[in-house]
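Below is one structure, written out as structure tokens, with a few remarks after it.
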Amino acid sequence: EVQLVESGGGSVQAGSSLRLSCAASGYTYNRNRMAWFRQAPGKEREGVARIATGSGNTYYANSVKGRFTISRDNAKNTVYVQMNSLKPEDTAVYYCVRASKGGVWSGDYWGQGTQVTVS
């Protein structure tokens, strides 16, 4: 079965940085584009970053552009998001997602989520 396991969340002060990791298993990871979504209480789920397969092209929501960087290490079946200059508005549960379509924010498998709190 497909498993996506996030780690690296925590509580930090505004202006700090965090790096989230997602370990993928149960499928051929490097054949799929990957993404990070987030959801804060009372807010809609938001796609924040995604990365293509062979091209390595990356895409970001305007709210995180210039602050977040998504990357992948195919040898380790792992996708990362480096989050810099964190703001209280970034507080959310962050999900690792196997993206189901190109060119749009979508997913067919989701991790359990990891909490990020910025104060």
Side-chain angles (χ1 to χ4, degrees):
E1 63 181 86
V2 175
Q3 294 281 347
L4 302 172
V5 181
E6 303 97 333
S7 62
S11 298
V12 299
Q13 296 185 23
S16 298
S17 298
L18 283 173
R19 191 191 197 197
L20 306 183
S21 299
C22 171
S25 63
Y27 70 102
T28 306
Y29 156 88
N30 61 6
R31 294 182 181 178
N32 288 88
R33 61 189 64 81
M34 301 293 293
W36 289 92
F37 282 64
R38 68 185 182 186
Q39 186 166 26
K43 295 184 178 180
E44 296 293 323
R45 186 175 294 111
E46 175 189 27
V48 296
R50 69 179 191 264
I51 185 166
T53 53
S55 70
N57 289 343
T58 58
Y59 309 88
Y60 300 95
N62 288 336
S63 58
V64 307
K65 193 175 299 181
R67 300 187 297 117
F68 289 15
T69 303
I70 188 171
S71 61
R72 63 193 300 166
D73 186 336
N74 290 340
K76 297 180 179 179
N77 286 1
T78 302
V79 61
Y80 308 92
V81 59
Q82 177 69 41
M83 307 187 297
N84 296 328
S85 301
L86 284 164
K87 305 174 180 179
E89 307 94 277
D90 296 318
T91 296
V93 177
Y94 284 73
Y95 297 92
C96 179
V97 179
R98 191 179 82 168
S100 57
K101 300 177 182 178
V104 297
W105 297 104
S106 63
D108 54 4
Y109 292 94
W110 296 66
Q112 82 288 348
T114 186
Q115 177 71 46
V116 172
T117 302
V118 185
S119 61

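On a predicted model such as this, the values are computed, not experimentally measured, just so you know.
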Of all the heavy-atom pairs spanning [X] and [Y], show the shortest one and how long it is.
{"X": "Q82", "Y": "S17", "result": "NE2-CB, 3.8 Å"}
{"X": "A40", "Y": "A92", "result": "N-CB, 3.8 Å"}
{"X": "E1", "Y": "Q3", "result": "OE2-NE2, 2.6 Å"}

Measuring from [X]:[atom1] to [Y]:[atom2], what's the distance to the nearest 0.5 Å?
{"X": "E46", "Y": "Q39", "atom1": "CD", "atom2": "CD", "result": "10.5 Å"}
{"X": "T53", "Y": "R33", "atom1": "OG1", "atom2": "CZ", "result": "6.0 Å"}
{"X": "Y109", "Y": "C96", "atom1": "OH", "atom2": "SG", "result": "14.0 Å"}
{"X": "S21", "Y": "D73", "atom1": "OG", "atom2": "CG", "result": "10.0 Å"}
{"X": "T58", "Y": "K65", "atom1": "OG1", "atom2": "NZ", "result": "10.0 Å"}

Margin query: Suppose clustering is done on Ile, Leu, Val, Met, Phe, Trp and Tyr with side-chain heavy atoms closer than 4.5 Å. Which residues sit in the same group as V93?
Written below: F37, Y95, V97, W105, W110

Between the side chain of [X] and the main-chain N/O of [Y], is any donor-acceptor distance below 3.5 Å?
{"X": "T117", "Y": "T91", "answer": "no"}
{"X": "R50", "Y": "S106", "answer": "no"}
{"X": "Y59", "Y": "V104", "answer": "no"}
{"X": "E6", "Y": "Q112", "answer": "yes"}

Item checked: Sub-4.5 Å side-chain heavy-atom contact between R98 and V2 -> yes

Next item on the list: Assess whether side chain to side chain contact (heavy atoms under 4.5 Å, CB included) is satisfied between V48 and M83, documenting all intermediate values.
Entry: CA-CA 11 Å; V48 296; M83 307 187 297; over 6 Å; no

Next item on the list: Check each of Y80, F68, W36 against L20 using the side chain to side chain contact (heavy atoms under 4.5 Å, CB included) test, and report the only one that passes.
Entry: W36

Margin query: One pair to check against side chain to side chain contact (heavy atoms under 4.5 Å, CB included): L4 and M34. What are the steps and the verdict?
Written below: CA-CA 11 Å; L4 302 172; M34 301 293 293; 3.9 Å; yes

Notebook entry, point to check: Going by atom types alone, do E89 and S63 pair a side-chain donor with an acceptor below 3.5 Å?
Noted result: no

